Every structure is written in structure tokens, then in C-alpha cells.
Trainee: 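Have a look at this one.
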Amino acid sequence: MNTPAYRPLSRELIGVLLSPENTAAEQSWSRLAGALHSNVSMLSVTHPRPLYWNDEFNRQRIAEEPARLRGTPFFEPAVANVRAAQEIERMARERRGTPEVQDVVEQYLDALLDEFDAIRFYPERPPVRPAGEENGLAGDHRAVAAR
Amino acid sequence: MPRYYYGTVPVLAWILNHYFYERTHYTWLADAFYPHGTNPGSSNPYQIYGLLYQPWAELDPHARFVRDMRRSLVDGVVARESAGKLDNITAARLKRVCASVRIDLFYPVLYRVDIGRISRSRRIVANSGLEGSREFLVSDLRESEFDLLLADNDRDDYFADLVLCEREGEVLMHPMLALALLETKVG
């Protein structure tokens, strides 16, 4: 199986998601992304612990929200993102703490948060990070130390 | 003798918990401010403090670390809305605040908790806590159960109105007024 990864919405799809007739889909996408962020953050050693985490509520959203997106262009990426998160959780149960699993966790979260930024800044583009600046806690530390 | 645990949050988290979540605080606590060698960075109050303080002090609107905080603060609002504890209009306004409020509201504050006052049934151990990291999640911390510690930022009237006076019990601001004040910092 390929390395599990978050599949962010394209800029074009974000535009569709944020159109007034897609309010319900936008809310579903946000609820699902929130649940995925919350659960996967719990596996990270660099991203901060989520400021809200409720396993039961997350499981419920992960089970229900993709179905609400059925028939929209968001359904397929939603299902892919859920499956990737489930695969990461399986990997973490088996090989927790290994650099390989941590890399997968960090990349998943970074992609999810890049999409979060793309949505909240839309139609503008989010600021571009300086080349070489890393993600997560370690990256922020290095960026601060370099100033 | 008190046995203190510590947790760092952006002040916006304290404000949401105080004004909109019945003064019940959702808090990760480590067994030291600097749990060197035991906790990962994700549950190290000292590291989190620094990573919030730096962008706050430099008014850096694009700090990547803050994105995690924004995302999970939005999620907290969603949870309250889903539980019927927030109406959908207030929830929508709060979500916008969490997603877009200026970095001022991510000033770090420290919770200090005498863990002996928290019953074992309220101390949730999860993830790295199961593997030796010295941390608990307390999802229902009451304001009488922790000290709110600030390093500075006590001369800012806005901050004083929303946080300091409330902490001292001098003013009890209506949540809708607090929300209106938060919205002045959106953008």
C-alpha cells in the first residue's frame, strides 16, 4: 500500500466548497477535517496536543460526515482522508514512535493544515513559507533560533 | 504539600472556556513546566509557551504553530454546537474568531494545577501518556482548581478587560460583549 497521506482539496474545489449553495458541504468538510486533525494530532510528538479532543465525538464524525458528502466532488477525497487516517492509526498501534510513522503523521497534519489555511485565506493565497523552513514544532524552533 | 502540574494555552482558549463553556477548561497538564527528557514537545508546556510567545511578541501573523491551535479551537466550538450548548449563530461567529483573529489572542498563559485536588477519575491518560510521558488531560477543570499565570502583558487595556479583571472577579462581562470585543480583532 502507498504511504497514507492527506489529500487536500484543490484550489478550484475550495472555491466550489465555499460557494453559498454549498454551505452544508462546507460544514461537513470542516467537521470531518476537525475530527481527523484531532485524532492524528494525538499521534504527533511535534504538533501540540489538540485543544479539544473527544474520541467518541471524533469517531462519530468520521463515520457520518463522508456520507453527507456523497454525490458531491468532496466525497471521494473525504473517504480517502478517512482511510489514510485509519491506516496511520493502525501503523501507530504497530510501530508507534518510529521515525517512519512520525514522518507520515507530520506530513498528514501539515497537508491538512495547509488546506485549512487555503480555505481560511480564500480567495487570497496563504503566505508562502520561506524556502527550507520546516513544519511543526521542530521547524518553528529552528526558524526562531535562526533569527 | 501541593504537587503542581502545568499546561500552556493561548489566551483565546481561556477566553472561550471562561465566557462560552461555563468556565470549564479543557487542559493538558504536564508534571513540570519543563518536563525535560520525559515528555515530547507536543506536551511540554515550556516549549509550547515559547512557540506561542515568539509570534505574539513579534506580531507574526503567519506562525505555523498557531494553525494547530486555530484548527482545534474551531473544533471545540463545533463540539459545543453539536452538543446543543451553543446556538448556531454564536457558533459561526466564534468559529470565525478562532480561524481569523489576530495573533494578539494567542498570547500564552499558563495553568498551574495542584494535581492532588483533581480526582483520579478526572485525569485522562492518552497516547504518549500511556508510554511514559508524564501528562494528563483534564477535560472539566474548574476555575477554582487552577492558577492562571502570566509573564507580562498586564498593561494592555483590552487584555485587562477580557482576562485580568475577570480572573480577579472584579468584572463579570456578558459573553456577547466579550464576543463583540473578540470580533474587533478579526481580520
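Keep in mind the model is a prediction, meaning the values are calculated, not measured. Quick note on labels: first sequence line is chain A, next is B, and so on, each numbered from 1.
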Trainee: Looking only at non-hydrogen atoms, find the nearest pair between B/R67 and A/D110 and report the distance.
Mentor: NH2-O, 3.9 Å
Trainee: What part of A/L43 gets closer than 4.5 Å to chain B, counting heavy atoms only: side chain, backbone, both or neither?
Mentor: both
Trainee: Let me check something: do B/L59 and B/L51 share a hydrophobic cluster, defined by ILVMFWY side-chain heavy atoms less than 4.5 Å apart, either directly or through other members?
Mentor: yes
Trainee: Quick check on B/T27 against chain A: is it the side chain, the backbone, both or neither that has a heavy atom closer than 4.5 Å?
Mentor: neither
Trainee: Rounded to the nearest 0.5 Å, how far apart are CZ of A/R49 and OG of B/S72?
Mentor: 12.0 Å
Trainee: A side-chain contact here means heavy atoms from C-beta on lying under 4.5 Å apart; do A/S41 and B/D68 qualify?
Mentor: yes
Trainee: Going hydrophobic residue to hydrophobic residue with side-chain gaps under 4.5 angstrom, can you get from B/V186 over to B/L86?
Mentor: yes
Trainee: Mind listing the closest non-hydrogen atom pair of B/F65 and A/P48 along with its distance?
Mentor: CE1-CD, 3.6 Å
Trainee: Sort by residue number and list every residue of residues 6-33 of chain A having at least one heavy atom under 4.5 Å from chain B.
Mentor: A/S30, A/R31, A/A33
Trainee: What is the minimum heavy-atom distance between B/S42 and A/S44, and which atoms define it?
Mentor: OG-O, 3.2 Å
Trainee: Any residues in residues 51-64 of chain A near chain B, with a heavy-atom distance under 4.5 Å, and which are they?
Mentor: A/L51, A/Y52, A/W53, A/F57, A/N58, A/R61
Trainee: Report the distance from atom CD of B/Q47 to atom OG1 of A/T46, rounding to the nearest 0.5 Å.
Mentor: 10.5 Å
Trainee: At their closest point, which heavy atom of A/R120 faces which heavy atom of B/A99, and how far apart are they?
Mentor: NH1-O, 2.7 Å
Trainee: What's the verdict on side-chain contact (heavy atoms from CB on, under 4.5 Å) for A/L113 and B/R70, showing C-alpha distance, side-chain angles and the deciding distance?
Mentor: CA-CA 10 Å; A/L113 291 168; B/R70 290 188 188 277; over 6 Å; no
